[in-house]
Amino acid sequence: MKDTEKHKGLRRKLVEEIRNQGIESEKVLDAIDSIPRHLFMDSSFEHLAYMNNAFPIGNDQTISQPFTVAFQTELLNIEPGDRVLEIGTGSGYQAAVLYKMGATVFTIERHAPLVRKAKILLQKLHIRATIRFGDGYKGWPEEAPFDKIIVTCGASTIPEVLMQQLKIGGIMVIPVGEFIQKMKVVIKKEEDKFEIFDFGDFRFVPMLRNKAK
Ligand code: SAH
C-alpha cells in the first residue's frame, strides 16, 4: 500500500500526457495526480499502472484507460457536493477520482468479488463511496435523483431508468454502442426533455443485465 516518490513521478508524467491529449480541467488533472492508480491494479501489473492503458482487474473486467477516466469526468462537470451515481465500480478507481473532486459517490457493480475488493481498498485509502452489488440497469431508486450519472461500461442503448433517476439540469455520461461506443452526454432539461451530444469513439467492456453468477 505504498505510494513512493517513483509512483508520484510517473503519475505526474501521466497527467502531462493526458493534458496533451486535450484534458483541460485542472480539477480533473489534480484528481488523477492524487489517486495512486497502482493500488487499484493487480500487483503483477503494478509497474504498468502509469501507462495510459486499460488493464485487467479480474472477472474479465478492466480498469479504464486514464485518458478515458479523465475524459468522462471532465464531461460530467463535477461540482463539490454533487450526488453522483456510477454504473460499473470495477476497481473503484473512477469512484476515487469522483470523490477527490468533492462528489458524494454511489456506485454499482454486478461482480461480487470486485465489490468486495473495491470496498476494502477505498476504506484503506479513506475514500468514501457507497458501493452496491447489483444491476446498474435498475439504477439506485432509493438514492435517486442524482446530479450526475456516469456509466463505465458500454450500453447498447441509454437505459430509460437512468434517465428518470437524473435531476432536472443533471448530466449523464454514457458510452453507447455494441462493439465501439460513442461517448454520449445526456442533459435533462425537463422531466421528459433531454438533449444528447456525441463525443467520439471509445471501447468499453459491455454493460450486461442482472448480477453475475
Ligand atoms: N469504473 C471502473 C471500470 C470498470 S469496467 C474502474 O474505475 O475500474 C466496467 C465495469 O462495469 C465492470 O466491472 C463490469 O462488471 C461492470 N458492469 C457491467 N454491466 C453492469 C451492470 N449492469 N451493472 C453494474 N455493473 C456492470
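Remember, it's 1-based here, ligands and their atoms both numbered in the order they're listed. The residues of the chain are indexed from 1 along the displayed sequence. Atom set for the values below is all heavy atoms of this structure, side chains included, hydrogens, waters and symmetry mates excluded.
Selection from K211, K138, M207, R110 by nearest heavy atom to atom 24 (C) of ligand 1 gives R110.
Summarising the geometry, atom CZ belonging to R110 is positioned 12.5 Å from atom CD1 belonging to I87; distances are rounded to the nearest 0.5 Å. Note: N52 CG to Q65 CD = 4.5 Å, rounded to the nearest 0.5 Å.
Within a 6.0 Å radius of NZ in K189, no more than 12 heavy atoms belonging to other residues, nucleotides or ligands are found. The environment of CE in M51 is sparse: at most 12 heavy-atom neighbours from other residues, nucleotides or ligands sit within 6.0 Å. Atom CG of D60 has 12 or fewer heavy atoms from other residues, nucleotides or ligands within 6.0 Å.
The protein heavy atom nearest to atom 4 (C) of ligand 1 is T62 O, 3.3 Å. For atom 13 (O) of ligand 1, the closest heavy atom belonging to the protein is E109 OE1, 2.7 Å. In terms of protein heavy atoms, atom 7 (O) of ligand 1 is closest to Q94 N, 3.0 Å. Closest protein heavy atom to atom 17 (N) of ligand 1: C153 SG, 3.8 Å. At the top of the distance list for atom 19 (N) of ligand 1, counting protein heavy atoms only, stands L208 N, 3.0 Å.
Using modelled atom types and a 3.5 Å distance limit, the side chains of T89 and E109 yield no donor-acceptor pair.
Here's the thing with S64: none of its N/O atoms is less than 3.5 angstrom from an N/O atom of ligand 1.
When heavy-atom distances to ligand 1 are checked against a 4.0 Å cut-off, P206 comes that close only through its backbone atoms N, CA, C and O.
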